[in-house]
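For reference, the structure is listed below as structure tokens.
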Number of protein chains: 2
Amino acid sequence: LADARAGLTRRARGRPKEGEEARFGAREVLLRAGVAGRAEEGFASTGLDEILKRVSIPKGSFYYYFKSKEDFGLALIDRYNDVFARRLSNTYEDPERTPLERLYKFVHDAENGMRRYNFERGCLVGNLGQEMGNLPPSFRARLIDVFEDWQRKTAQCIRNAQLNGELPRELDADLAAQFFWIGWEGAVLRAKLERSATPLRLFADGFFRGLKA
Amino acid sequence: LADARAGLTRRARGRPKEGEEARFGAREVLLRAGVAGRAEEGFASTGLDEILKRVSIPKGSFYYYFKSKEDFGLALIDRYNDVFARRLSNTYEDPERTPLERLYKFVHDAENGMRRYNFERGCLVGNLGQEMGNLPPSFRARLIDVFEDWQRKTAQCIRNAQLNGELPRELDADLAAQFFWIGWEGAVLRAKLERSATPLRLFADGFFRGLKA
């Protein structure tokens, strides 16, 4: 979600750190800058030339690693999901917390992540989903898969909270997880628009109230 | 939301009907095609030249009516909201239905509206909100105002359902309306991505269940 570019400090959109290319290679710099940039701005609306110019990587290097802008976009979805799904798993399996506390923790971390980037950086997967009308058709199935993966992980955490007696047994964990991810992407969108955590909190509060009802 | 271009039959993105310009004038054609196109595709990612080419209107005519692409974008938000807020008021004040039935009706109509355009057309205001990173800053306050207007109207309908005994009196109508609009935009996004009504229904079902709990 926000803060996809963990460990890098805030600086101009997608501009690489001094020496980053030497350390990581051009492919890594492109993926890092691409994920950060695409969580902030559109994919279709940002030309490849502009992306390459920002990271000072020549076109030849780009085409050595990626067949096309489309191929690059698919790699960005994979990279974003690798980082994000791992973070989700870490939160949802945190042995220091109860399952319900882990769900709260996710929301709390997401808010901090967005705040760190002044609410300018949203969710790359949500952004691309919104842009589908301008994107290659190959993106559609990939983005749907990613949401389904996040939903499965969230459903499992909800089920653990049910087993633990923290949430009612009657609750349909799969439906609840789908409901969460459908609405949460709306909350990230509004938080970006309003540059405020209020939409995230408002949605999360309503969601958790509903879980317990 | 979907179907912003009520009364026009489905055809290629933003292409005007035969004789539309003669009947309505270039400004009206630009607004109609702009609203329809921008509910499907991005604003930042679609060049002015492309928009004008589709409706066969020369640049000179465009600049006679609009100072800039930004000015055109703000006019599109106003136009979309004029149509949408009127539709919302009609639904929420429908004397044939109880207040709770009116809320159901809105969701039902939105689903039909998206289906009519094969789930390719979403919500112009949600789309622009998602694109804020690429848009002129003047769009931000305008988009926030529009959401607040929709939320106010929805809160009033919820209050009427409370007065009518259809919803619990303890419910905070303003919070519930905010929750709805935050999550609903996420549902429209997912419905577009999946080209399916399922996300809309799933979100609406969960929302209404929460209202009554």
Side-chain angles (χ1 to χ4, degrees), chain A residues 13 37-47 119-123 125-135 139-141 143-144 147 172 175-176 178-196 198-200 202-207 209-213, chain B residues 13 37-47 119-123 125-135 139-141 143-144 147 172 175-176 178-196 198-200 202-207 209-213:
Chain A
R13 252 176 216 160
R38 265 10 77 208
E40 255 176 63
E41 313 168 310
F43 182 79
S45 56
T46 312
F119 296 98
E120 282 165 8
R121 197 166 287 180
C123 173
V125 171
N127 289 358
L128 292 178
Q130 190 73 304
E131 278 194 272
M132 246 342 280
N134 292 105
L135 297 179
F139 284 37
R140 190 182 301 275
L143 294 168
I144 293 174
F147 277 128
D172 184 321
L175 276 183
Q178 287 173 58
F179 181 86
F180 176 77
W181 279 104
I182 289 169
W184 182 249
E185 287 292 333
V188 171
L189 188 163
R190 274 293 278 284
K192 253 177 89 178
L193 177 64
E194 299 186 6
R195 291 207 263 221
S196 149
T198 306
L200 299 177
L202 222 148
F203 182 76
D205 287 353
F207 174 72
R209 214 169 22 244
L211 281 189
K212 290 175 210 158
Chain B
R13 254 174 215 160
R38 265 9 76 208
E40 257 175 61
E41 311 169 311
F43 181 79
S45 57
T46 311
F119 296 98
E120 283 165 9
R121 198 165 288 180
C123 172
V125 172
N127 289 359
L128 292 178
Q130 190 72 305
E131 278 194 272
M132 244 346 277
N134 292 105
L135 297 179
F139 284 37
R140 190 182 301 276
L143 293 168
I144 293 173
F147 277 129
D172 184 321
L175 276 183
Q178 287 173 59
F179 181 86
F180 176 77
W181 279 104
I182 289 169
W184 182 250
E185 287 292 334
V188 171
L189 189 162
R190 274 295 278 284
K192 250 176 91 179
L193 178 63
E194 300 188 6
R195 292 206 263 221
S196 150
T198 306
L200 300 177
L202 223 148
F203 182 77
D205 288 351
F207 174 73
R209 214 167 24 242
L211 281 189
K212 292 176 209 157

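The chains referred to below are lettered A, B, ... by the order of the sequence lines, with proteins before strands, and numbering in each begins at 1.
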* **Between CG on residue A:Leu193 and CD1 on residue B:Ile144, distance to nearest 0.5 Å** => 4.5 Å
* Asked: chain A: which of B:Thr198, B:Leu189, B:Leu128 shares the most heavy-atom pairs with it under 4.5 Å?
  -> B:Leu189
* Partner chain A: residue of B:Pro199, B:Ala176, B:Gly47 with the largest heavy-atom pair count (under 4.5 Å) -> B:Pro199
* Asked: For chain A, which of B:Ala141, B:Ala191, B:Gly183 has the most heavy-atom pairs under 4.5 Å?
  -> B:Gly183
* Among B:Gln178, B:Glu131, B:Arg190, which has the most heavy-atom pairs under 4.5 Å with chain A? -> B:Arg190
* Quick check: does any side chain N or O of B:Gln130 sit under 3.5 Å from a backbone N or O of A:Gly126, one acting as donor and the other as acceptor? -> yes
* To do: Indicate yes or no: at least one non-hydrogen side-chain atom of A:Arg195 is less than 4.5 angstrom from one of B:Arg140.
  => yes
* **A:Thr46 versus chain B, the contacting section by heavy-atom distance below 4.5 Å** => side chain
* **Check: A:Asp205 and B:Phe179 side chains under 4.5 Å, non-hydrogen atoms** => no
